[in-house]
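This report concerns only the one structure given below.
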2 protein chains.
Amino acid sequence: MDPAAGRREPTMRDVAALAKVSTKTVSRVINGLPGAGTEVTERVRDAARTLGYRPNLTASSLRRSDRRSATIGVLFEDLSNPFDAALLRAVEDRARHSGVLVLAGSSEDDHTQQRELLVSLSARRVDGLVVMAAGGHQDALQHERERGTPMVLVDRPPTFGATDCVTTTNRASSRDAVGHLAALGHRDIAFLGDRRTLWTSQERYAGYVEGLAHAGVPLRGELVRTDLHGEDLAAAATTTLLDLDRPPTALFTAQNLVTVGAQRVLRERGLHHRVAVIGFDDFPLADLLDPGITVVRQDVPGIGRKAADLVLARIDGDTSPPVHAVVPAALVHRGSGEIAPRPGPGSLVGRQ
Amino acid sequence: MDPAAGRREPTMRDVAALAKVSTKTVSRVINGLPGAGTEVTERVRDAARTLGYRPNLTASSLRRSDRRSATIGVLFEDLSNPFDAALLRAVEDRARHSGVLVLAGSSEDDHTQQRELLVSLSARRVDGLVVMAAGGHQDALQHERERGTPMVLVDRPPTFGATDCVTTTNRASSRDAVGHLAALGHRDIAFLGDRRTLWTSQERYAGYVEGLAHAGVPLRGELVRTDLHGEDLAAAATTTLLDLDRPPTALFTAQNLVTVGAQRVLRERGLHHRVAVIGFDDFPLADLLDPGITVVRQDVPGIGRKAADLVLARIDGDTSPPVHAVVPAALVHRGSGEIAPRPGPGSLVGRQ
DNA sequence: ATGAAAGCGCTAACAG
DNA sequence: CTGTTAGCGCTTTCAT
């Protein structure tokens, strides 16, 4: 099974011996540094090729003064979530073009797992981190940051200082979305949110409240459902809402899985053309559904690029003050958010 | 910006000095090896905590005899594709539970990029690789494998020897899908495939041919469209097919983006309830479309787990003969694949 | 149970 | 232009 069993990996010393030069000269040639004669360079290259020599970045970075591993850590909630995946890809692209590779991990929004991954990444001496922080306290992240590791938080800001961060217009876009629904005449607009410990959930809820206030629509507490982590909880909450005496005529679903869970229930009940929906976060095929789902779309590649740029700049020694970059999101009209309220068989107008 | 500017990272020597022991003793304590007194152990732990010592896996792996980096490389086509993302997550989970981290990269099905990533991973001395090979030759992969790096190919098999691989039942499931359509009475079943250089495309096409033959349906060459890389090409091909004098009554779309592209055109033309579709590869929300999209669903987490298990076992010295694991896919009936053929306004039965 | 010396593969700092 | 020496942080080997 092992085609190379027994053979020892050639080192610079082996190359040096074969080319009859010093290891330092080999080092110069391999790294493309000046100070190596044309003829010697050729001899070294030949020797390296003959032996099948591969540079060892691990040894090199240990000895080099900059101590760089040319590797960054990416610590997201769930690499299989389309949002996280798109973000990872954007970061990876940027990093790759700078010769930097990405060590990726999923924290599952769990502090223990986040901390363990942080320790693992730290032991491998990554040059920097791009992190989607787990909800709640950020002790482990703060600790790592305070050791000096360059760090950029994405999607959610740090609760500690001196750290860059890239987020989107959660509050303003949520306000706009709710305003859009109110402008159509909706007065019973429900809020369905992810975990309350998440900053994005809080911001989107705040935007919902502001949007209602701005439109002069009173907030009905029973229309607010939070801590809906995953499609199933979102579906259950939607069911409960639709069963109210005075059910909502519009839903603002504040996360992609929540939107999908709600959508499932609406279709089961045949209400997808009656109840308006605007979701936060776009998702694949949102435009192919009937009606198309109106969403607040984040510029995910933009966020990833910005985060990567920031962390790479910090690694390169940029010491300017910390930045909180805000990448604008946009409301994408597809139909579900443009459904007007109307009294129907399920409506209770007149009963009030 | 840098909270730790100037400070030097503490080493085992620093810990040893503070605890008044040798570095070897510190090494024993940090690694939980036997041969360290209870009292000394305590002293070392205190010193490490006081100094904020972090073990350096990079230095450790350089010196250790097993030379392990506790890191594997994952080289897929596009980490933002839901299929790749789900696979990455499955591999990462398995690896993490073995204390192994994942260096991830996207090859974009490009040989140059694949080779460059391979070189980067190799320089970082990853212990093993999980690779979705780019189409065409596999010279760089073979070369890396022949140096002795444990390697598992996923989704597509190696064209060289002595290498594990995990794929799904591409051919058999495609045959079944086409058989399912034929059993409903379809005789004009189109094939829409991704790049012909990809083994999966070839296998799925072979299954299509077998399925037709088995059902006694003659193959019409003009209904076969390949090299559809991406939604747009798939959409264009679908348009062409529908404009034929004798258009297909059913489509077998052999990759997830192809399915989506075709679906877009069918909906534009209002044919999504008339033309049957079975897609290879499931995708999010396929069940929420109207009709739901019937697909061949791969067991993506199963494939990822198996691949991770194989590479981790090889790293641990398993020298049993190479394995080609085949993880079964299943036909998921959702509606689009259960549409029967019928003469309609667009049909040309009778004109022939 | 503990430590001293050597060295993993490489590069910094200096020679020549 | 090229080489020598030392040593990155750690673990091996062998001694005590």
Side-chain angles (χ1 to χ4, degrees), chain A residues 7-45 47-48 51-71 122-127 147, chain B residues 7-45 47-48 51-71 119-120 122-127 147:
Chain A
R7 251 176 288 161
R8 191 179 62 71
E9 174 93 31
T11 72
M12 275 195 179
R13 270 179 60 166
D14 302 320
V15 176
L18 184 58
K20 304 201 185 303
V21 294
S22 75
T23 58
K24 179 66 215 186
T25 299
V26 176
S27 172
R28 288 195 182 98
V29 172
I30 295 293
N31 293 300
L33 296 173
T38 337
E39 188 194 356
V40 173
T41 300
E42 208 49 51
R43 245 177 32 234
V44 171
R45 291 234 171 89
L51 295 175
Y53 170 79
R54 309 182 292 172
N56 186 330
L57 193 75
T58 262
S60 152
S61 101
L62 181 61
R63 190 59 183 91
R64 236 173 322 123
S65 46
D66 63 12
R67 217 40 85 75
R68 297 271 175 78
S69 61
T71 305
S122 171
R124 285 163 181 80
R125 294 299 189 270
V126 292
D127 300 329
R147 327 187 57 103
Chain B
R7 250 178 287 161
R8 192 179 60 72
E9 174 94 33
T11 71
M12 275 195 177
R13 271 180 59 168
D14 302 320
V15 177
L18 184 59
K20 304 199 184 302
V21 295
S22 73
T23 57
K24 176 68 222 186
T25 300
V26 177
S27 172
R28 288 196 184 97
V29 173
I30 296 293
N31 294 301
L33 297 174
T38 337
E39 189 194 357
V40 173
T41 300
E42 207 50 50
R43 248 180 26 238
V44 170
R45 290 233 171 89
L51 296 174
Y53 170 78
R54 307 182 293 172
N56 186 332
L57 192 75
T58 261
S60 152
S61 100
L62 180 61
R63 190 60 183 88
R64 235 172 323 124
S65 46
D66 64 12
R67 216 43 82 76
R68 296 273 174 78
S69 60
T71 305
V119 168
S120 283
S122 171
R124 284 164 183 78
R125 293 299 188 270
V126 292
D127 300 329
R147 326 187 57 101

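Just so we're on the same page: letters track the sequence lines, and every chain starts at 1.
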ask   = Checking B/Arg147 side chain against A/Gly52 main chain: does a donor-acceptor pair fall under 3.5 Å?
value = yes
side-chain hydrogen bond (donor to acceptor under 3.5 Å, both in side chains) filter on A/Asn56, not counting sequence neighbours, yields none
Residues at least two apart in sequence or cross-chain that pass side-chain hydrogen bond (donor to acceptor under 3.5 Å, both in side chains) with B/Ser120, listed by chain then number, are none
Nucleotide by nucleotide, nucleotides 10-16 of chain C touches protein heavy atoms under 4.0 Å in the pattern (B base, S sugar-phosphate only, - none) BBBB---
Numerically ordered, the residues 37-44 of chain A set in heavy-atom contact under 4.0 Å with DNA chain D is A/Gly37, A/Val40
Applied to residues 54-68 of chain A, the salt bridge (Lys or Arg N to Asp or Glu O under 4.0 Å) test, sequence neighbours excluded, yields A/Glu9-A/Arg54, A/Arg54-B/Glu144, A/Arg64-A/Asp66, A/Arg68-A/Asp316
Could you list the donor-acceptor pairs under 3.5 angstrom formed between side-chain atoms of residues 28-40 of chain B and any protein atom two or more places apart in sequence or on another chain?
from: B/Asn31; atom 1: ND2; to: B/Ser27; atom 2: O; distance (Å): 2.8
from: B/Asn31; atom 1: ND2; to: B/Ser27; atom 2: OG; distance (Å): 3.4

Tightest non-hydrogen contact, residues A/Leu57 and A/Ala70, listed as CD2-CB, 4.3 Å
Please tell me if B/Ser22 has a side-chain N or O lying less than 4.0 Å from either OP1 or OP2 of C/dA4. no
Correct closest heavy-atom pair for A/Ala19 and A/Ala47 would be CB-CB, 3.9 Å
To the nearest 0.5 Å, atom CE of A/Met12 lies from atom CG of A/Leu51 at 13.0 Å
Between the OG atom in A/Ser61 and the CG atom in B/Leu62, the distance rounded to the nearest 0.5 Å is 9.5 Å
Computed from five pairs at either end and rounded to 10 degrees, the angle between the axes of the helix from C/dA1-D/dT16 to C/dG16-D/dC1 is 30°
Sorted by chain and residue number, the side-chain hydrogen bond (donor to acceptor under 3.5 Å, both in side chains) partners of B/Thr71 (sequence neighbours excluded) come out as A/Arg124
At a 4.0 Å cut-off to heavy atoms of chain A, the contacted part of DNA chain D spans D/dC1 to D/dG9
Residue set satisfying salt bridge (charged side-chain N to carboxylate O under 4.0 Å, His left out) with A/Asp127, at least two apart, ordered chain then number -> none
Hits for side-chain hydrogen bond (donor to acceptor under 3.5 Å, both in side chains) against B/Thr41, two or more places apart or cross-chain, chain-then-number order -> none
